[in-house]
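The block underneath contains the structure these notes are about, expressed in structure tokens.
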Amino acid sequence: MIDLQLTDKKHDEERQGEALIVDAPLVRNGRKLYIESYGCQMNFADSEIVASILLDQGFETTGDYKEADVVFINTCSIRENAEQRVRNRLSQFGVEKRRNPKLIVGVLGCMAERLKSKFLEEEKLVDVVVGPDAYRELPQLLSEVESGHKAINVLLSREETYADISPVRLNGNGITAFISIMRGCDNMCSFCVVPFTRGRERSRDPHSIMAEAQDLFDRGYKEVTLLGQNVDSYKWKGTDVEESAEIEVNFAQLLEKVALISPELRIRFSTSHPKDITDEVLYTIAKHDNICNYIHLPVQSGSSRVLELMNRTYTREWYINRIDAIRNIIPDCAISSDIIAGFCTETEEEHQETLSIMDYVKYDFAFTFSYSERPGTLAARKFEDDIPEEVKKRRLSEILLKQQETSLYRLQQFVGKTVRILVEGTSKKSDKDFCGRNDQNAMVVFPATEGVTAGQYVNVHVDRCTSATLLGTVVVEEPEIV
Ligand code: SAH
Ligand code: SF4
Ligand code: F3S
């Protein structure tokens with residue numbers, strides 16, 4: 001069984017320190033790269049770009065930092081505890097570096113961008129600091145380090161999308177993959193560090209997105225997740241390769257293009273923004289069976305006053321209107337959320353409004369956080385972080401409890417029914433069990449069954465559930481499918 005990742009520490013948005021390895025192709029230089037990633041899916045996707053750049057230089061990857069020549073840590077700044085984890089890990093790499101002074105330690109990603117050269121001053125063992133838009137420079141930066149200097153490049157770009165770099169799929173299951181469709185964020189939510197660490201929003205050209213999706217499908221992948229901080233504002237203008245005409249592609253159109261690659265390829269996407277998600281996107285999801293009925297639509301708070309302070313640019317009523325539109329257009333759509341407890345000046349009544357919007361939506365799933373002030377953000381400059389830690393904690397636990405109840409309620413709706421799932425492989429807890437997700441993104445675990453392999457779509461009868469997982473058995477005949 002897979003735990004529902006509801007706590008502040010364990011959640012997908014901020015995955016922790018996974019080492020990424022890949023089988024090495026062609027001509028090698030005998031040097032080994034170890035790369036460990038923290039934070040959101042975008043960061044994990046970026047690590048695959050970084051690995052691709054270094055593999056082109058002849059590196060191979062290793063899953064053991066003790067045998068590496070270069071150790072990269074791709075970092076996250078979203079909350080203070082995310083940064084703390086990276087610092088703890090760096091001190092472990094420091095022990096290794098004292099044993100092997102030739103080891104190069106590099107800090108990549110959002111913390112690199114936020115702290116810039118301060119990182120080199122604060123963490124003496126770090127040799128190279130590289131921001132998210134400067135990965136093409138990695139080979140040159142590594143040469144600088146080899147010639148005895150510290151190296152840094154934290155320039156942000158208005159154009160870089162790494163469109164032409166084919167990511168190497170690290171540690172993948174060979175079935176599901178992420179595709180970055182845009183970078184940066186122009187929204188300036190007052191609590192959020194991302195616009196500062198990732199720069200301005202830019203969309204990647206649709207031809208390279210389609211080519212990447214097609215290539216994955218040709219190689220046996222069955223599910224792609226289109227990634228961006230705010231996918232609904234995807235917009236690309238340029239020349240259509242086939243017709244040499246000027247075209248404009250929005251997110252709904254991009255979704256449709258990717259969906260048309262094959263009905264056997266499932267499409268997911270993250271993250272949608274309540275102010276930007278259009279009915280056109282919802283109708284596109286409804287129209288194509290292979291676009292999954294699942295929308296991650298972070299609410300952050302249920303109070304219009306707090307939402308205004310957060311600079312989210314929508315109200316409680318607007319958000320509820322978007323939920324109603326989803327329910328009308330895609331009746332069986334799963335919806336998940338991100339929720340922040342204890343934002344500056346949040347009152348008890350406003351916290352209750354968050355709980356009541358959760359009651360209204362009955363989220364299938366939610367990532368929940370207590371507010372963590374980030375230096376340089378609008379909120380840090382304008383408001384006092386005035387909610388005491390114990391109050392934040394208590395509010396967060398009330399939110400968590402509510403979410404556990406609604407997650408269980410949502411999963412119970414599948415019990416006794418048959419769901420179609422894409423088999424991802426063996427379950428994390430037992431190799432006698434397989435796991436996969438249904439259309440609504442619920443994890444389904446079932447006993448390994450003869451003839452069933454990863455990458456297949458199978459029907460599973462759901463026998464029971466926990467608040468995190470559906471448990472069932474494969475059905476051979478064709479029953480009614482939900
Ligand atoms: N682009 C996405 C979210 C990116 S960050 C969106 O707009 O929804 C993922 C989540 O981290 C956010 O949705 C928010 O809930 C949380 N988060 C961001 N900054 C935070 C902070 N300073 N303290 C606590 N949680 C934060
Ligand atoms: Fe941060 Fe808001 Fe942008 Fe999301 S939309 S990345 S929360 S600024
Ligand atoms: Fe973290 Fe940067 Fe993602 S701050 S959540 S890794 S965009």
Side-chain angles (χ1 to χ4, degrees), residues 8-9 11-18 36-47 73-83 85-86 107-115 131-133 156 178 180 182-201 227-234 269-277 295-301 306-307 309-314 319 335-344 346 354 363 366-380 383 385 387 389 392-393 395-396 399:
D8 205 12
K9 290 203 187 99
H11 55 81
D12 255 6
E13 296 286 325
E14 193 194 296
R15 283 159 62 189
Q16 294 175 38
E18 287 170 38
E36 194 171 283
S37 308
Y38 292 74
C40 63
Q41 291 159 343
M42 307 272 316
N43 241 24
F44 281 73
D46 279 3
S47 290
I73 180 159
N74 196 356
T75 60
C76 174
S77 284
I78 200 82
R79 282 165 293 273
E80 201 181 337
N81 57 13
E83 292 202 347
R85 269 197 289 278
V86 166
V107 175
L108 316 179
C110 291
M111 247 176 118
E113 193 61 50
R114 193 177 85 71
L115 290 159
D133 285 346
L156 286 172
F178 296 117
S180 280
M182 57 208 293
R183 299 181 71 81
C185 183
D186 281 351
N187 279 326
M188 293 307 244
C189 300
S190 64
F191 51 78
C192 185
V193 76
V194 172
F196 303 95
T197 61
R198 293 258 162 185
R200 298 304 297 269
E201 181 185 291
L227 289 183
Q229 295 296 353
N230 177 5
V231 288
D232 302 295
S233 69
Y234 177 88
F269 52 92
S270 189
T271 299
S272 299
H273 197 298
K275 81 174 159 65
D276 292 318
I277 191 165
I295 299 177
H296 183 55
L297 195 70
V299 67
Q300 314 294 1
S301 164
V306 174
L307 286 169
L309 293 184
M310 287 177 163
N311 201 23
R312 287 290 286 181
T313 70
Y314 54 84
Y319 186 87
I335 304 175
S336 61
S337 196
D338 292 346
I339 299 171
I340 299 178
F343 186 65
C344 315
E346 183 190 68
T354 296
Y363 291 112
F367 299 104
T368 59
F369 315 101
S370 63
Y371 173 60
S372 161
E373 185 177 86
R374 307 311 295 129
T377 55
L378 288 179
F383 314 124
D385 180 12
I387 307 300
E389 248 350 275
K392 285 185 188 170
K393 240 186 176 164
R395 290 183 187 169
L396 181 66
I399 291 170

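In listed order, ligands and their atoms are each counted from 1. Any value given below was found using the heavy atoms of this structure, including those in side chains, with hydrogens, waters and symmetry copies removed.
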Test item, R198 contacting ligand 2 (heavy atom, 4.0 angstrom):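 R198 does not count as a contact of ligand 2 under the 4.0 Å cut-off.
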What atoms in ligand 1 come closer than 4.0 Å to a heavy atom of [X]?
X: R374; answer: 22 (N)
X: T271; answer: 2 (C), 6 (C), 8 (O)
X: Q300; answer: 8 (O), 12 (C), 13 (O), 14 (C), 15 (O)
X: F369; answer: 10 (C), 11 (O), 15 (O), 16 (C), 24 (C), 25 (N)

Contact with ligand 1 for A379, non-hydrogen, under 4.0 angstrom: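 A379: no contact with ligand 1 (<4.0 Å).
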Contact with ligand 1 for N230, non-hydrogen, under 4.0 angstrom: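 The answer is no, since N230 has no heavy atom less than 4.0 Å from ligand 1.
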Answer yes or no: is there a donor N or O on one side and an acceptor on the other, between the side chain of [X] and the main chain of [Y], under 3.5 Å?
X: N311; Y: S190; answer: no
X: Y314; Y: D276; answer: no
X: D232; Y: H273; answer: yes
X: T75; Y: M111; answer: yes
X: S337; Y: V299; answer: yes

Which of the atoms of ligand 3 are close to [X], meaning less than 4.0 Å from one of its heavy atoms?
X: C76; answer: 1 (Fe), 4 (S), 5 (S), 6 (S)
X: Q229; answer: 7 (S)
X: R198; answer: 7 (S)
X: C40; answer: 3 (Fe), 5 (S), 6 (S), 7 (S)

Quick one: does [X] get an N or O within less than 3.5 Å of an N or O on ligand 1?
X: C192; answer: no
X: Y371; answer: no
X: D338; answer: yes
X: Q229; answer: yes

Element-labelled atoms of ligand 2 that are located less than 4.0 Å from some non-hydrogen atom of R312: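 Answer, ordered by atom number: 2 (Fe), 7 (S).
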Does the side chain of [X] reach to within under 4.5 Å of the side chain of [Y], using non-hydrogen atoms?
X: R312; Y: V306; value: no
X: P132; Y: D46; value: yes
X: S372; Y: D385; value: no
X: Q229; Y: C40; value: yes

For atom 1 (Fe) of ligand 2: protein N/O/S atoms at distances below 2.8 Å: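 Protein N, O or S neighbours of atom 1 (Fe) of ligand 2 under 2.8 Å, waters not counted, come to 1.
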Part of C110 with heavy atoms under 4.0 Å of ligand 3, whether side chain, backbone, both or neither: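 The answer is the side chain of C110.
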Side-chain H-bond candidate by donor/acceptor type, S301 with E346, under 3.5 Å: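 There is no such pair between these side chains.
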Let me confirm one number: the [atom1]-[atom2] distance from [X] to [Y], rounded to the nearest 0.5 Å.
X: I295; Y: S272; atom1: CD1; atom2: OG; answer: 6.0 Å
X: Y371; Y: Q300; atom1: OH; atom2: CD; answer: 12.0 Å
X: M42; Y: N74; atom1: CE; atom2: CG; answer: 11.0 Å
X: R183; Y: R198; atom1: CZ; atom2: CZ; answer: 5.5 Å
X: R200; Y: L156; atom1: CZ; atom2: CG; answer: 11.0 Å

Derivation of the side-chain contact (heavy atoms from CB on, under 4.5 Å) call for E113 and S77: CA-CA 9 Å; E113 193 61 50; S77 284; over 6 Å; no
Contact check, Q41 vs ligand 3, heavy-atom distance below 4.0 Å: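 No; Q41 lies far enough from ligand 3 that no heavy-atom distance drops under 4.0 Å.
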Heavy atom of M42, distance to ligand 3 below 4.0 Å: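 No; M42 lies far enough from ligand 3 that no heavy-atom distance drops under 4.0 Å.
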Pick from H296, R79, M42: the one approaching atom 26 (C) of ligand 1 most closely through a non-hydrogen atom: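 Looking at heavy atoms only, R79 sits closest to atom 26 (C) of ligand 1.
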Option whose closest heavy atom lies nearest to atom 4 (S) of ligand 3, chosen from G184, C192, S77: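 It is S77 whose heavy atom sits nearest to atom 4 (S) of ligand 3.
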Under 4.0 Å, heavy atoms only, figure out whether ligand 1 is touched by the backbone of [X], its side chain, both or neither.
X: E80; answer: neither
X: I78; answer: both
X: C189; answer: neither

With K393 via side chain to side chain contact (heavy atoms under 4.5 Å, CB included) - residues at least two apart: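 Side chain to side chain contact (heavy atoms under 4.5 Å, CB included) list for K393, sorted by chain: empty.
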Residue pair I73, Y38: steps toward the side-chain contact (heavy atoms from CB on, under 4.5 Å) verdict: CA-CA 8 Å; I73 180 159; Y38 292 74; 3.6 Å; yes
